[in-house]
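Notes to accompany the following structure.
Here is how names work: the chains are called A, B, and so on, in the same order as the sequence lines, proteins then strands, and each is numbered from 1.
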Protein chains: 2
Amino acid sequence: MRIVVARCSVVYTGRLDARLAEARRLLMIKADGSVLVHSEGGSYKPLNWLSSPCKLVVTPLRAPAADGAVERWTVTAGKTDDVLEIRIYEIDSDVSIDLGVDPGLVKDGVEAHLQRLLAEHPSAVGGGLDLVRREHPTAIGPVDILFRDTAGGHVAVEVKRRGDIDGVEQLTRYLHLLNRDPLLAPVRGVLAAQEIKPQARTLAGDRGIGCVVVDYVGLCGRDDPSDRLF
Amino acid sequence: MRIVVARCSVVYTGRLDARLAEARRLLMIKADGSVLVHSEGGSYKPLNWLSSPCKLVVTPLRAPAADGAVERWTVTAGKTDDVLEIRIYEIDSDVSIDLGVDPGLVKDGVEAHLQRLLAEHPSAVGGGLDLVRREHPTAIGPVDILFRDTAGGHVAVEVKRRGDIDGVEQLTRYLHLLNRDPLLAPVRGVLAAQEIKPQARTLAGDRGIGCVVVDYVGLCGRDDPSDRLF
DNA sequence: CCATTCATTTCGAGT
DNA sequence: ACTCGAAGTGAATGG
């Protein structure tokens, strides 16, 4: 890892063209050759970058260029025709340290966990439900969860972290398909998410699809007797 | 901007939980208080981060903790309940430089340009078309481009950089609405994109929606006589 | 290796 | 402030 703070200008050419006028910025060069250009503001996304695999070539400009640049960095992508060209005017700091291989990030609480929790707690979706299976396969993709209700019908659940209009559209397609299966019909739909956008709720209502807001933390610590009747 | 290279461990708690075991990493603290944790590999995305607005509090651990940590950094978000806790074991480098405000990124070549190009070159979408207007307003949002054909009907074009199933759904909603307007009907639909996913193509086919793959570079340099009959 | 889906998505425009 | 759609989306997972 090489970390340089320098006045620079940047030009990216590839999937689009993008330019950065001269200013002081942070330039990060990772071990895999990737280059990131960060400013003081913004979020975690760099202003400009080139991802691995790519190759950095530094060209010193002994007789400084007309614009006063002292170095030109040219980063070329391995496979695509993306190019990042950085012109360096003045270097304020330059540090190189090998960080080694990172042990990596461990996550908990993503959609997969939400799906598992709901499958284990049918009562969070509705009363009188029994799990048929998770990732129930159909011709157009797997339904997140399929429950059977006491009347012999079924409930298809689409699980999202944030429920928006796409989730309703997706579930609608599944329901059309599932309801053609006489072994399953009638199949109701439920959109389950930690947060449901108003527009999604409206569209779901129009189509007779239910909405369930899931309390992830609450479900984690829950031991609901109604889910354990056996 | 403060740039620290240190052995550290990280815990994020908020929308999910995530942990990083002890290792040497790059810690970036921006002027707005946001903190980024970068490793040697990966892409431009940090392993862990907390976005502005947030606040960093550094607590020195004079008598080192049981795990050998010498500092604890606690980053708390302003509005949400997100927390990032970084435990520092050893600092290898520590540089602080004010970068000032960045003049910002200038982009060229995104969807807006594609839309403009297609509006100027109707023949790229189909023969015998005349531009009615771009961003044609409807009750559920603007249609990217609306053309009139020689038969008095119309063509609604949805422009995407990458055409996927969402684009087809969106266009379908527009077509339902537009075809209720006797001044426009019949209205055909065309999905125009630089790349169209097979699933999108299939769904479009089922609904009688056309697919056009757009050659952005080719269109840029084009001067098609069939678009200039006047 | 291709295709689909998720993401602590981020980001910007428009209302 | 909120919503919606785009992104140089990136990254993981399944076929």
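- The side chain of A:P198 approaches D:dT3 more closely than any other nucleotide in the set C:dT8, D:dT3, D:dG8.
- Comparing C:dT4, C:dC6, D:dT3 against the side chain of A:K160 picks out C:dC6 as the nearest.
- Between A:K197 and B:R162, it is A:K197 whose nearest contact on DNA chain D lies nearer the 5' terminus.
- When distances are taken from the side chain of A:E111 to each of C:dT10, C:dA7, C:dA3, the shortest belongs to C:dA7.
- The salt bridge (charged side-chain N to carboxylate O under 4.0 Å, His left out) check on B:R2 picks up B:D94, with sequence neighbours excluded.
- A 3.5 Å limit on both hydrogen-bonding distances identifies no Watson-Crick or G-U partner for C:dT8.
- Counting any heavy atom pair closer than 4.0 Å across all strands shown, B:N48 reaches a base atom.
- Across all strands, A:I165 comes closer than 4.0 Å to no nucleic acid atom at all (heavy-atom distances).
- Minimum interatomic distance between B:L184 and B:L178 (heavy atoms only, all atoms of both residues): CD1-CD2, 3.8 Å.
- In this structure, A:Y44 forms no aromatic stack with the base of C:dT10, since the conditions of centre separation below 5.5 Å and plane angle below 30° are not both met.
- Looking at B:R25 and B:S39, their side chains never bring a donor and an acceptor atom within 3.5 Å of each other.
- Nearest-nucleotide assignment on DNA chain D puts the 5′-proximal partner with B:R173, out of B:R173 and A:D82.
- Relative orientation of the B:Y44 and A:W49 rings is tilted, given thresholds of 30° and 60° on the angle between their planes.
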